[in-house]
Structures are given as C-alpha cells and as structure tokens.
Amino acid sequence: MIRTPAILLSLVVVAGLSQGAAAADAGQGGVLAKRWCAACHVVAADQTAVSGQAPPFSTIGKIADLDVGKLALFLLLPHPKMPDMNLTRAEAADIAAYIQSQGK
Ligand code: HEC
C-alpha cells in the first residue's frame with residue numbers, strides 16, 4: 001500500500017512523456033531546425049548545400065531504425081561534433097518529427 005503513490009507517480013510520468021511525443025509538431029520542428037541546425041545540415045529541400053560533413057536531414061530521416069524517440073533522445077545528449085543546443089524535450093521531439101517528415 002505504501003508503494004502505491006510511487007507507482008502511480010511513475011505511471012503519470014510515463015503517460016506525460018508519451019503524450020509529449022504524440023503532441024510533437026513537425027511544423028514547429030522545421031522552424032527550430034532552420035534556426036539551430038541549418039548552419040551545418042541541409043534541413044529542407046529548398047536549402048542550398050552547406051559546407052562540412054553533416055548529413056542532410058532527408059538522409060537522416062530515412063535511417064530505418066531511427067524513430068522519433070531515439071532522435072529526440074540523441075538531440076538531448078551532447079554530441080561530440082555538434083554544439084550542445086540545450087533543447088527542451090518538447091523542442092527535441094518537434095525537430096525529430098520534422099526530420100522524419102523530411103525522410104519521407
Ligand atoms: C556545428 C555544426 C552542426 C550543427 C549546428 C548541428 N549539427 Fe547535427 N551533425 C553535425 C555533424 C558534423 C554530424 C556528423 C557527426 C558524425 O558523423 O559524427 C551531425 C550529425 C547529426 C545527427 C546524426 C546522424 C546519424 O547518422 O546518426 C543528427 C540526428 C543530427 N546531427 C541532428 C542535428 C539537429 C537536429 C541539429 C539542430 C538542432 C543539428 N544536428 C545541428 C553537425 C552539426
């Protein structure tokens with residue numbers, strides 16, 4: 001009985017997280033991608049090429065085992081060759097949804 005509140009709490013947290021993922025907004029992600037990622041990545045079809053070795057989002061979006069969850073997680077972790085952009089979880093989910101939409 002004493003453990004019930006903790007279990008309920010973690011259920012609420014899990015539900016909250018998956019809700020956040022479901023509410024991911026690819027349109028908003030595109031705005032963020034153009035602001036934060038376009039210096040190194042080609043983030044949209046109408047963008048001219050960038051210098052450097054960063055893969056275009058249309059390529060990243062086609063990686064089969066890269067689902068929105070993994071992408072969002074990747075974006076929250078510091079990346080060796082990428083600056084830590086301090087994105088919020090919601091922003092990361094939006095960008096992940098946008099990248100996926102570019103791979104279609
Ligand atoms: C300063 C340049 C730079 C910026 C800014 C940048 N990236 Fe990158 N990114 C890179 C480079 C370079 C790589 C390739 C890294 C490697 O091969 O180790 C990469 C790799 C990635 C990968 C992994 C691709 C794979 O094959 O695993 C993802 C996903 C990614 N970037 C997303 C983003 C997103 C989203 C943003 C904006 C929020 C962003 N990047 C901003 C340079 C950048």
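For clarity, every value in this text was computed on a predicted model and none was experimentally measured. In each ligand, atom 1 is the first atom listed, and ligand 1 is the first ligand listed.
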Look at the N, O or S atoms of C40, main chain and side chain alike, and state whether any lies under 2.8 Å from atom 8 (Fe) of ligand 1. no
Would you check if the side chain of Q28 reaches a backbone N or O of D25 as a donor-acceptor pair within less than 3.5 Å? no
Could you give the side-chain donor-acceptor pairs of residues 29-44 under 3.5 Å, partners two or more places apart or in another chain?
{"unit_1": "H41", "atom_1": "ND1", "unit_2": "P55", "atom_2": "O", "d": "2.6"}

Ignoring hydrogens, just give me the one of T59, L71, L75 whose non-hydrogen atom is nearest atom 32 (C) of ligand 1. L75
Any side-chain heavy atom of I60 within less than 4.5 Å of one from L71? yes
Consider every N or O of Q53 and every N or O of ligand 1, then say whether any pair is closer than 3.5 Å. no
Distance check, rounded to the nearest 0.5 Å: Q102 atom CD versus T59 atom OG1? 11.0 Å
Remaining members of hydrophobic cluster (4.5 Å side-chain criterion), L73: none
Test of understanding: given a 4.0 Å heavy-atom threshold, classify the contact between C37 and ligand 1 as side chain, backbone, both, or neither. both
Need the ligand 1 atom indices (1-based, order shown) with element for anything under 4.0 Å from a heavy-atom of I95. 35 (C), 38 (C)
Tell me the nearest of V50, L32, I63, V43 to atom 25 (C) of ligand 1, using heavy-atom distances. I63
